[in-house]
Amino acid sequence: VRGYAKKIAGSKEPLVFILEGLQTVILELRKENSALKNNTKELLNTNAALETRVLSLEERVASLENRSLKHEAYSGRATSILTGIPETENENTVEVVVEAIKEVIPDFSSNRISTAHRNRKKSNKPRSITVVFSKIKDKDIVSDYRKQAPFRRRKIGAYHYASPSVLER
């Protein structure tokens, strides 16, 4: 278009020919603009589809991670047996375990335990508690603290549990 302004200023051609040329250039620019708009719409649609796919995959990954954590917990690798914790009637075993662990690890919470239950009575001592932690890392943290004074003072023991399927590996 700038070239046409110079052409008009110094031209000996009739103005009609110059305007026809300018119209042709404007039509080409409009076509190019339309094509760019279509490309932009296609890219936006593709982007929206990709965002939907990413969200779907993120949900699937979260689900698989959750299943993996559950499998890990029930494989026995995230399980410990605690001994020496006194029994009370109608106790919430998870809360009893959390309170015992909080003496050593103050910020420990019940969401770090998947399940806990008392085992069969074998002697006059309190029944042991099988604890399935949510993550192996949580079991390892508790195991690292088992020799700390509060556990030793209350004579609480924390032992690794290995199911037969884990021992076979």
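Residue pairs meeting the salt bridge (Lys or Arg N to Asp or Glu O under 4.0 Å) criterion with at least one partner in residues 81-93, sequence neighbours excluded, are Glu87-Arg127, Glu91-Arg118.
Remark: the backbone N or O of Thr52 is not paired with any side-chain donor or acceptor of Ser56 at under 3.5 angstrom.
Here Leu64 pairs with Arg60, Arg67 under the side chain to side chain contact (heavy atoms under 4.5 Å, CB included) rule; sequence neighbours left out. In terms of the side-chain hydrogen bond (donor to acceptor under 3.5 Å, both in side chains) criterion, residue partners of Asn111 (sequence neighbours excluded) are, by chain and number, Ser109. Judged as a side chain to side chain contact (heavy atoms under 4.5 Å, CB included), and not counting sequence neighbours, the contacts of Glu51 are Asn47. Looking at residues two or more places apart in sequence or on another chain, you find a side chain to side chain contact (heavy atoms under 4.5 Å, CB included) between Lys125 and Ser123. Judged as a side-chain hydrogen bond (donor to acceptor under 3.5 Å, both in side chains), and not counting sequence neighbours, the contacts of Ser128 are Asn119. For Glu95, the salt bridge (Lys or Arg N to Asp or Glu O under 4.0 Å) test picks out no residue, with sequence neighbours left out.
Closest approach of Ala116 to Val97, counting heavy atoms only: CB-CG2, 4.3 Å. Closest non-hydrogen pair, Phe108 versus Lys102, comes out as O-CE, 2.8 Å. For the residue pair Ser80 and Ser143, the shortest heavy atom distance occurs at OG-OG, 4.2 Å.
With a 4.5 Å cut-off on side-chain heavy atoms, Asn33 and Leu29 do not count as touching.
The side-chain contact (heavy atoms from CB on, under 4.5 Å) with Phe133 is formed by just one residue from the set Ile113, Thr115, Asp140; it is Ile113.
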Only pairs under 3.5 Å count here: list side-chain donor-acceptor contacts from residues 34-44, not counting sequence neighbours, and write none if there are none.
from	atom 1	to	atom 2	distance (Å)
Thr40	OG1	Leu36	O	2.8

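For Asn90, the CG atom is loosely surrounded, since the number of other residues' heavy atoms within 6.0 Å does not exceed 12.
Between Ile141 atom CD1 and Ile101 atom CD1 the span is 10.5 Å, to the nearest 0.5 Å.
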